[in-house]
Structure formats: structure tokens, C-alpha cells
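To keep things clear, I will list the structure first and then write my remarks on it.
One-based numbering, in listed order, for ligands and for the atoms of each.
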Amino acid sequence: MDLANGALLGLPSGFVFVFDLFVGLFLRVTKMPTLVNYSGDDEHYKGRSLCSLNSTRLFSVQDFYTQPYKRARIHDLYSLYSNKDENPSIEILPDECLYEIFRRLSGSQTRSISACVSKHWLMVMSNVRNSELESNKVKVNNKSLNDDEQENDGYLTRSLEGKKATDNRLAAIAVGTSARGGLGKLSVRGSNAVTRIGFLAIARSCPSLKVLSLWNVPLIGDESLLEISKECHLLESLDLSHCPLITNKGLASIAENCPNLCSLTIESCKNIGNESLQAVARSCLNLQSISIKDCPLIKDQGISTILSSSLVLTKVKLQSLDITDSSLAVIGCYGKSISNLALTSLRSVTQKGFWAMGNAKGLESLMSLTIISCYGVTDLSLEAVGRGCRVLKHMGLKKCCFVLDKGLVSFTKAACCLESLQLEECNRITQHGILGTLSNQNSKLKSFSLVKCMGIKDLDHEPADFSESQSIRSLTIKNCIGFGNANLAMIGKLCPHLHNLDLTGLHGINDTGLFELLKTCKVGLSKVNLTNCINLTDKVVMAMASIHGGTLEVLNLDGCMRIGDESLAAIAANCLFLKDLDVSKSCITDSGVSCLSSGSHMNLQVLSLSGCSRVSNKSMFSFEKLGKTLVGLNLQGCNLISSSVIESLVVNLWRCDILS
Ligand SMILES: *[C@@H]1O[C@H](CO)[C@@H](O)[C@H](O)[C@H]1NC(C)=O
Ligand SMILES: *[C@@H]1O[C@H](CO)[C@@H](O)[C@H](O)[C@H]1NC(C)=O
Ligand SMILES: *[C@@H]1O[C@H](CO)[C@@H](O)[C@H](O)[C@H]1NC(C)=O
Ligand SMILES: *[C@@H]1O[C@H](CO)[C@@H](O)[C@H](O)[C@H]1NC(C)=O
Ligand SMILES: *[C@@H]1O[C@H](CO)[C@@H](O)[C@H](O)[C@H]1NC(C)=O
Ligand SMILES: *[C@@H]1O[C@H](CO)[C@@H](O)[C@H](O)[C@H]1NC(C)=O
Ligand SMILES: *[C@@H]1O[C@H](CO)[C@@H](O)[C@H](O)[C@H]1NC(C)=O
Ligand SMILES: CC(=O)N[C@H]1CO[C@H](CO)[C@@H](O)[C@@H]1O
């Protein structure tokens, strides 16, 4: 058809599709057959009111609609449009009219194309509700939505960040996604430009929106949330961070209109207070996850209401809030459904609060508890928490400086289901606390981790009375500067069933201590991380290779600067199951790499040699041999390997990811 094909007529393509659209609209409105099928009969516009017309502005269009419809007319129109002196006539249509026209467009592609015509059209188009699209009316809405979801296997997602986040973009997203099952997830980050207009578009076009996340959008206020709440009743997750203009009004309106809300995150929103949480508590009976951080107006009343009224709440995170002991008591009484709880920097909560939380014994589903920077955690309150949380499996304590050894040991005795315990920067915990924790025979503890606990010193004598742990499989002692050889040897005796060992950054241990541990392990070690254990030498690595070579799968010796070629030779000879080896910043040379490559039974998949300044391009042949199994090779900072060698490796080892 020549009319639709502007190229044939030598017309600018922009003009043609506007025109095309316009003709299409006309036909649609007048219910005429398509132009291709034009029968030649004159038909008249039946005078159906398009919208509330502004007669002065609409005159010429009315005129056009009521004219006999003939090919000649259309050619007149061409000349009309192509006359540059006049405004394109279609622009004289009032928004209401465009709106009516746009909602009759069939097909998402047509709508998207029309939205590209101008900002003005885009804005009008984006305000057409999905439910108002003529082409959608035939479908049963909820059925088709569900089908689309399944097709997409998740949400249709759009993220806008920084300068890219504007109202026009939002409007374009609104139009572009409306037909594809609808936008499911929208996130806007760090924008000063988006306003209510953009959210109005999203709200109208995306009734299926389920996840909305707004971070650092300082100009967004309640109006935007009001628009969303009016249309997007399926919203399930709302995440607001650094949105200072949003107040209780906006959040309450979401709460009242979006009964499916199951996840709410509020961070650094200084105008959101306890009233909106009360609204959430009243209306959002499906709320399963709540995270609130650094909101000065949210106080005990808000937290208590929400925690005491929800029956399905499973995840709770509270950080830097001005709440007191009473909130914790409420959590302890009513938090029956909570399985994950994280409490951070609650400065006004005292020992009484944590004690009450445990003693109330209501936290009957709590599996995972993390407490960071809370001075209220003391020996007394920690033990109460251990007794109160009967099914607790994972516990993390960080920067809780009032917990002593006694409290730690009685907590682990009381929390009889505990499987993993992580302590970080708890500086009053000493070596005695560790031994007490590990030598508890009834414990189910599988994994124990100590990071930067500065109170730990080396044992001066071995305790006379201890019992082996039957359960411990994983042990991490990381960056504890005082931890020494005697501790390590003792741990070996206490934990004979270790599989995984991480001793990152222990400068206080050397071959002597590690060798003791290696000897006492009854089952083979499979993952060993000795990153930055600077005093270890080849001797202990050779011992490890011969004792644990049959089980070792991952070995990290990054930064063990005394380790060299002898270690690699022992590894090549003994560690047949090793998959991942890191000897970065060690003093290995080409001959070590060559040993590794001739260990023909090895099946190494990842090898890291970053910063090995003595490995040169002589190793090229070895790398090619290793490359038969390698999927990752790190050669960063190997200054003796020239770029031409790297290039040739990249070509020859095309299955392997090479970092250089
Ligand atoms: C013309 O219209 C008739 C009925 O309106 C339709 O069956 C036919 O397929 C159309 N032809 C073309 C070429 O579109
Ligand atoms: C009709 O349009 C004209 C020109 O755009 C405007 O001045 C006038 O207020 C409009 N009238 C109504 C009733 O909207
Ligand atoms: C949605 O679908 C369900 C069954 O699939 C039906 O019972 C319900 O009435 C539908 N709702 C609407 C608004 O069409
Ligand atoms: C580890 O090495 C440093 C210096 O290399 C030394 O001062 C320290 O005594 C060594 N520690 C042990 C336990 O060998
Ligand atoms: C390891 O350090 C201890 C001191 O903790 C020292 O007595 C011992 O000789 C060192 N062993 C080796 C092999 O350097
Ligand atoms: C070993 O520890 C270092 C430092 O904590 C860490 O970056 C690395 O991922 C660990 N490696 C393995 C294999 O666990
Ligand atoms: C090996 O490296 C040296 C410098 O480190 C370079 O001069 C030489 O050309 C390299 N050999 C090959 C084959 O790339
Ligand atoms: C008990 C309590 O703290 N209530 C407060 C809830 O928040 C509003 C302000 O947002 C306060 O006025 C209430 O006192």
C-alpha cells in the first residue's frame, strides 16, 4: 500500500508514520474497513462524540472527519502536512482527544511508535490506563496477567539510575511495557528529575506493578505514592531509601490500597513516622518482611503496633532507630512467626530489653538472629536469648563489646539447636570462651567463625579438662592478631571432624601450630584458606599435601610469601582432587608451575598466580598443559609474562577465562 509506505512517495518517514497513524485512527473511529480494502463508497463520520470537544481548537479536525472520505482528500492532507509554514494539524487536537484516539490504537507496537512522535504524545499516551485500552477490553484481565507472568518467568523489570531517570523515561517505560504483561518491577536510583508526572504514567499504565524501589529520589513526595496507590493494587514490595519528602500520608495510602504488600523497606526517610506503620499494620495482613533503618520519627509505638499485629511476619530488620526496651519486649512476646531477625545499632535498648525479648519465649520460629552494635547484649541478656529461642540455628554477634566468655558459653549451651555461630569484633571474648564453646558435647554447632576478635591471646597452658566436639565441620579464625600456635594445636584436638578451615590473616601461627592441627584431624580437610598466613613455609604445605591430599579440593595460599616451588611439587604429587588453587603473591617460579603442569592426574580448574613476580613467559608451555582442564587463570601482576604470551594463551586456551 503506497500510503503506508512513505519512502515510495518520497516523504520524510517521521511525517509518514504520524500520518499513517492518523489515518489508522480515523478508520478505527469510524469503523471503516482498512484502507487497503477501500471499497470506493463514500462514508461519513457518524458524528460520534470523541470527547468533550473544545470547538475552537477542534474545528479543522471536525471538518476533516465530516468530509466525504476520498483518496483525493488524503492527498490534500499530504500537502497540508508537508506545508512547513503551518503547524501540523494533528497537534491542534486537545489532549482529551489524543487520549481517546490513543486508547483505541491496536497493538503495543503501534502505541510505542506513536509515543515516539513527541514528548507531548508520549505523555498523553502514558496516561492511558491499561484497562482503558480498547484492545484489552475483550480479554479477561486477571487471566491474561497470570499467563504473561508465567511466560516471563518472573517480573518484567526496569531500572533507572541518575541522569537517565526522568519523567519522560518513566512515561516511555509505562507505554512500552504496558502490553507485555505489564511492568512488574521498577527501581529508580539517585535522581533529582523524576516527579509525580512520571509516576502518574507508571501508575496508569502498569497496574500489575509488584515491586517498587526508590533510592535517593529527593524530589519524590507523597503525590507520587498516592498515584501508585490509586492504580497499582497488586504492589507486593516497596523499598524507600533517602526519600525525605515522603511522609506518613504517602506510605499510609500505599498500605491502605495495596493489601498484597508483603515486603516493606524504609531507610533514611526522615518524615516517615509511626502512624504509617500503624496503617501498614492495619491494612497489610500479608506483610512478611520489614526492614527499617535510620528513621528518626519511627518510635516504639510504630514498631510495637506492626510487630504485635502481624501473624505472618517472618523477616524483621531494625537498625539505628530510637526505640527502647519495650519494642524488644514486644518482639519477644508477639514475634511468633519471625524466622529471621536482625537488630543493629539500637542505642537506647538496654540489657533489660534483650533479656525481656528472650524471656518472653515467644520467638518460637526464630532460626536466624543477628545482633550488631547493641550495648544491651550482655552475658545475662544473651543467655536469656539463648533460652528463649528454642529453634535458633544461626547466630551472628558483631561489635557487641559487653559479651564475655561466660555469656558466650552459657548462650551456646542454652541454644541447643545452634548450628552456626559467628562472632566479629567482640573484643572481650578470649581463647577461653572459644574453648568453652567448642568443648560442649551436646552442641550441634557445625560452623564457628571468629573475625577480628582482639581479645584472643595464645594459651599459656593446655586445659586439663575438655571434650571433643563431634559436630564442628567448619572453622574460621580470621584476622585475630593474638591467635597463636598453642590455640591452633588445641583447636585441632577439640575439632577432629573438621572439613573446612579458614585461618586468614593469622600472623601468630607458623608451621608448628598448623602441623599439630593437621595431625589431629581425623577426616580429611577439603577446603583450606590460609590467605596471608605469612609465617607458613613449604614444610607445612608438604605435610598438608601428604596427609590431606586425598580430600583437598580448595587451597588458598594467597599472600603466603614464604611458600614456593616445593609446595607446588607436593601438591602436584598428592592432591589429585584439587580444583581451586591460589598461590598469589608467593615466591613460586617457573619450575613450580612446570611441576604443577606435569602432575598429570590433576584436574585443576582455577589457578591464581597473581603477583607472582618470578613466573615468566617460560611458563607458557606449562600453562597450555594446565589449560586442558582450567576454566580460570589469574596472571594479574605477573610482570615477567609478556603481553604477547598472554595474547597467545588467550587464543589457545579459549575455554579458560584469563585475567591479566
Ligand atoms: C477486505 O475486507 C474483508 C472484509 O472486511 C476481508 O475479509 C478481507 O480479508 C480484506 N482484504 C484485505 C486485503 O485486507
Ligand atoms: C479552548 O481552547 C482555547 C485555545 O486553546 C482556550 O483558550 C479555551 O480556554 C478552551 N476552552 C475550553 C472550554 O477548554
Ligand atoms: C479472576 O479469576 C478468578 C479465577 O481464575 C475468578 O474467580 C475471578 O472472578 C476473576 N476476577 C476478575 C476480576 O475477573
Ligand atoms: C612471624 O614472622 C614475623 C616476621 O616475619 C616474626 O616477627 C614473628 O615472630 C613470626 N611469628 C611466628 C609465630 O613465627
Ligand atoms: C613457631 O613459633 C613458635 C613460637 O610460637 C616457635 O617456638 C617455633 O620455633 C616456631 N616454629 C617454626 C617452625 O618456626
Ligand atoms: C579465603 O579468604 C580470603 C580472605 O578472607 C577470601 O577473600 C577468599 O575468598 C577465601 N577463599 C576461599 C576459597 O574461601
Ligand atoms: C619473554 O619476556 C621477555 C621480557 O620479560 C621479553 O623480552 C621476551 O620477548 C619474551 N618472550 C616471548 C617469547 O614473548
Ligand atoms: C508513642 C509514640 O512515640 N508516639 C509517637 C508516634 O509518632 C508521632 C509523630 O510521628 C508522635 O507524635 C507520637 O508521640
Review point. For atom 4 (C) of ligand 5, what is the nearest protein heavy atom, given as residue, atom name and distance?
Key: Asn485 ND2, 4.0 Å

Check your understanding: Is it the side chain, the backbone, both or neither of Lys478 that has a heavy atom closer than 4.0 Å to ligand 6?
Key -> side chain

Study note, to complete from the structure: Tightest non-hydrogen contact, residues Leu382 and Gly407, listed as CD2-O, 4.0 Å

**Study point:** No-hydrogen, no-angle side-chain donor-acceptor test under 3.5 Å, Ser213 and Ser187
**Key:** no

Exercise for review: Any atoms of ligand 6 less than 4.0 Å from a non-hydrogen atom of Val554? List them with their elements.
Suggested key: 13 (C)

Point to revise | Contact atoms of ligand 6, heavy-atom distance to Thr531 under 4.0 Å | key: 1 (C), 2 (O), 3 (C)

Point to revise | Exercise: do Asp590 and Ser616 side chains pair donor with acceptor under 3.5 Å | key: yes

Review point. Hey, does Thr512 come in under 3.5 Å of ligand 5, counting only N/O atoms on both sides?
Key: yes

Exercise for review: Using only heavy-atom distances, determine whether the side chains of Asp458 and Asn485 contain a donor-acceptor pair under 3.5 Å.
Suggested key: no

Check your understanding: Cut-off 3.5 Å, side chains only: do Asn216 and Arg189 have a donor facing an acceptor?
Key -> no

Point to revise | Enclosure of Phe466 CZ (heavy-atom neighbours >12, cutoff 6.0 Å) | key: yes

Check your understanding: Got the closest protein heavy atom to atom 5 (O) of ligand 4, with its distance?
Key -> Arg562 NH2, 3.3 Å

Review point. Any side-chain donor-acceptor pair under 3.5 Å between Thr378 and Ser381?
Key: yes

**Study point:** atom 10 (C) of ligand 4: the protein heavy-atom neighbour that sits closest, reported with distance to 0.1 Å
**Key:** Asn535 ND2, 2.7 Å

Point to revise | Pair Thr412-Asn440, side-chain donor/acceptor within less than 3.5 Å | key: no

**Study point:** Heavy atom of the protein closest to atom 14 (O) of ligand 4 (residue, atom name, distance)
**Key:** Asn510 ND2, 3.2 Å

**Study point:** Contact bool for atom 7 (O) of ligand 4 (protein heavy atom, d < 4.0 Å)
**Key:** no

Practice item. Please report which non-hydrogen protein atom sits nearest to atom 13 (C) of ligand 4, along with the residue it belongs to and the distance in Å to one decimal place. Key: Gly508 O, 3.4 Å

Point to revise | Protein contact of atom 1 (C) of ligand 6 - nearest heavy atom, named by residue and atom, plus distance | key: Asn529 ND2, 1.3 Å

